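These numbers come from the heavy atoms of this one structure, side chains and all, not from hydrogens, waters or symmetry mates. The structure displayed is predicted, hence computed values, not measured ones. Chain identifiers are assigned alphabetically (A, B, ...) following the order of the sequence lines, protein sequences preceding nucleic acid strands; residue numbering begins at 1 within each chain.
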Number of protein chains: 2
Amino acid sequence: MSPDDYAISHHSNAHALVHADEALAQHLPFSGLSDQQRTDILDQATVKRISLNDTCFSEGDEARNFYVLLDGALKIYRSTDDGEQVVIIHISPGQMFGIARAYADDTYQMTANAVCDGLALSWSSENWDRFMRDYPEFERAARKAIGERRDEMSDKIVDMATLQVEQRIAKAILRLTKRYGKTVEGGIEIGFPITRQDISEMTGTTLHSVSRYMSKWQKAGIVRSSRRRVIVERPEALPI
Amino acid sequence: MSPDDYAISHHSNAHALVHADEALAQHLPFSGLSDQQRTDILDQATVKRISLNDTCFSEGDEARNFYVLLDGALKIYRSTDDGEQVVIIHISPGQMFGIARAYADDTYQMTANAVCDGLALSWSSENWDRFMRDYPEFERAARKAIGERRDEMSDKIVDMATLQVEQRIAKAILRLTKRYGKTVEGGIEIGFPITRQDISEMTGTTLHSVSRYMSKWQKAGIVRSSRRRVIVERPEALPI
DNA sequence: CGCCGACTTGATAACCTTCAAGCTCCGTGG
DNA sequence: CCACGGAGCTTGAAGGTTATCAAGTCGGCG
């Protein structure tokens with residue numbers, strides 16, 4: 001259920017694992033740090049291998065750790081009393097998540113769920129204040145993270161308040177191809193398995209409506225989709 | 001259009017103005033500070049008198065100042081391409097707002113508009129990093145502020161994704177009475193003038209729907225409302 | 001007094017959910 | 001290997017919710 005933790009005792013170890021991910025250098029939390037600082041930070045990191053459907057943390061859990069996603073994708077959602085899930089944001093590589101401390105929270109307010117296999121670094125929340133104080137670039141990355149969340153959430157509020165279901169679905173799919181898109185022959189594919197139900201939980205509608213509109217777009221040659229896969233062939237043709 | 005600024009040259013001045021508001025002592029940004037620190041902070045503050053409909057800042061403006069609301073109420077909204085307003089959150093006394101720096105932004109992402117007369121303190125954004133470093137309680141207040149915003153926004157997303165219009169309106173009104181309610185004979189009144197249109201902009205619906213449901217509730221003896229006024233008589237009878 | 005903003009209310013129709021049924025694909029166990 | 005079962009997907013029909021269109025009322029202010 002919960003992903004395995006691999007505590008890093010030797011920083012050579014951490015570096016080996018982490019340098020394997022060539023994207024690390026570009027990831028903001030690490031990009032502006034000195035080699036010494038980076039070493040310090042990685043020494044205290046735990047590498048988490050994340051598998052599809054893993055829950056990194058759940059709404060209400062004590063906020064023991066904060067994370068940086070290195071690879072993969074997560075959905076962050078809240079559950080309603082009657083078991084419905086409402087997806088609030090997604091996390092992509094390079095983003096911090098589980099940063100309850102940045103909000104003065106002791107517990108996580110949402111649930112984080114892996115939508116594909118991935119890799120993350122994690123630190124004990126006890127480190128938060130010290131990291132913020134000692135590593136300016138890390139602190140800046142935290143500000144950027146909460147700004148990105150706010151933007152993504154306020155976009156969603158505006159969309160739900162003003163757009164019809166078809167446009168909301170179109171926008172959600174477009175956004176996913178931009179953030180997680182992989183170029184394939186004849187289009188851009190969302191880079192992880194995603195169901196009609198998943199999309200409905202992102203847009204506040206039903207899986208039936210998602211299915212209907214995607215069928216319509218498929219007939220129009222705008223998207224191509226099958227079981228858990230979505231390929232956008234003509235992004236510009238999606239209804240806004 | 002824009003509220004007048006009253007620069008404070010003598011801290012005796014600032015203290016006089018500010019101690020007049022007996023609530024200040026409870027306001028988090030100031031509650032945990034030493035007298036010396038509070039004096040330092042107030043010395044650098046500008047007191048802004050805010051009048052109904054004043055715009056403190058607009059979406060896209062350079063983020064020159066950050067604020068603490070002492071009295072009154074603000075709506076924070078975004079405008080769509082076709083001129084619609086979508087209210088994202090409200091601000092009540094004691095809350096920080098305009099804290100773009102906390103999100104690593106150079107510009108304001110939303111517009112802040114006074115829904116009644118009020119009073120605020122403001123500081124130049126240049127002070128932000130120093131305040132965060134030197135005044136732990138102020139920093140804690142900032143974390144709390146962004147946490148409250150996130151909660152309010154994610155609540156709104158969940159509501160819009162799962163509730164019908166009637167319930168969303170009921171919830172919005174209930175929330176307003178809790179945050180801005182004034183006890184009057186026979187109920188709790190929302191403490192500032194508010195139109196059906198305002199409520200529709202908070203809930204992603206039309207003024208017509210708001211009017212219809214409020215008429216229905218009025219007939220049922222749950223609310224009493226007139227031009228720009230809303231009094232809730234039986235909060236527990238509102239449909240969730 | 002007259003205007004204008006705020007509010008109300010009916011009628012109509014569009015949009016979307018709900019209900020229902022059936023299909024396809026894939027993995028699994030006999 | 002094949003049958004079965006279930007998850008994911010599709011599509012029609014029906015009905016409810018909500019927006020839109022259209023009038024018209026109310027009340028305060030210049």
> Considering residues at least two apart in sequence or located in another chain, which fulfil the salt bridge (charged side-chain N to carboxylate O under 4.0 Å, His left out) criterion with A:D155?
Replying inline: A:R175, B:R78

> Applying side chain to side chain donor-acceptor pair (under 3.5 Å), which residue pairs with at least one partner in residues 228-239 of chain A are found, sequence neighbours left out?
Replying inline: A:E189-A:R229, A:R224-A:E233

Pairs: protein N or O with nucleotides 5-12 of chain C N or O, under 3.5 Å:
{"unit_1": "C:dG5", "atom_1": "N2", "unit_2": "B:R227", "atom_2": "NH1", "d": "2.8"}
{"unit_1": "C:dG5", "atom_1": "N3", "unit_2": "B:R227", "atom_2": "NH2", "d": "3.4"}
{"unit_1": "C:dA6", "atom_1": "OP1", "unit_2": "B:R228", "atom_2": "NH2", "d": "3.1"}
{"unit_1": "C:dA6", "atom_1": "O4'", "unit_2": "B:R227", "atom_2": "NH1", "d": "3.4"}
{"unit_1": "C:dC7", "atom_1": "OP1", "unit_2": "B:R196", "atom_2": "NH1", "d": "3.4"}
{"unit_1": "C:dC7", "atom_1": "OP1", "unit_2": "B:R228", "atom_2": "N", "d": "2.7"}
{"unit_1": "C:dC7", "atom_1": "OP2", "unit_2": "B:R196", "atom_2": "N", "d": "2.9"}
{"unit_1": "C:dT8", "atom_1": "OP2", "unit_2": "B:R196", "atom_2": "NE", "d": "3.0"}
{"unit_1": "C:dT8", "atom_1": "OP2", "unit_2": "B:S211", "atom_2": "OG", "d": "2.7"}
{"unit_1": "C:dT8", "atom_1": "O5'", "unit_2": "B:S211", "atom_2": "OG", "d": "3.4"}
{"unit_1": "C:dT9", "atom_1": "OP2", "unit_2": "B:S215", "atom_2": "OG", "d": "3.0"}
{"unit_1": "C:dG10", "atom_1": "N7", "unit_2": "B:R212", "atom_2": "NH1", "d": "3.1"}
{"unit_1": "C:dG10", "atom_1": "O6", "unit_2": "B:R212", "atom_2": "NH2", "d": "3.1"}
{"unit_1": "C:dA11", "atom_1": "N6", "unit_2": "B:R212", "atom_2": "NH2", "d": "3.4"}

> Less than 4.0 Å between a side-chain N and a carboxylate O, is that true for A:K144 and B:D105?
Replying inline: no

> How bent is the helix from C:dC1-D:dG30 to C:dG30-D:dC1, comparing axes over its five end pairs at each side, to the nearest 10°?
Replying inline: 20°

> Can you name the residues that form a side chain to side chain donor-acceptor pair (under 3.5 Å) with A:S215, not counting sequence neighbours?
Replying inline: none

>> With ring pair (Phe, Tyr, Trp, His ring centres under 6.0 Å) as the rule and sequence neighbours excluded, what pairs involving residues 201-240 of chain B come up?
In response: none

> Among all residues two or more places apart in sequence or in another chain, which pass the side chain to side chain donor-acceptor pair (under 3.5 Å) test with A:T206?
Replying inline: A:S209

> In chain order, what residues pass the side chain to side chain donor-acceptor pair (under 3.5 Å) check against A:R196, with sequence neighbours excluded?
Replying inline: A:S225

> Would you say A:T205 reaches C:dT17's phosphate, i.e. side-chain N/O to OP1/OP2 under 4.0 Å?
Replying inline: yes

>> Taking side chain to side chain donor-acceptor pair (under 3.5 Å) as the definition, give me every residue that meets it alongside B:Q167, ordered by chain and number, with sequence neighbours left out.
In response: none

> Quick one: side chain to side chain contact (heavy atoms under 4.5 Å, CB included) partners of A:V115, sequence neighbours excluded?
Replying inline: A:A73, A:K75, A:F192

>> Applying side chain to side chain contact (heavy atoms under 4.5 Å, CB included), can you list everything that pairs with B:D82, at least two apart in sequence or on another chain?
In response: B:T80, B:E84

> Where along residues 160-168 of chain A does a heavy atom come under 4.0 Å from DNA chain C, residue by residue in number order?
Replying inline: A:Q164, A:V165

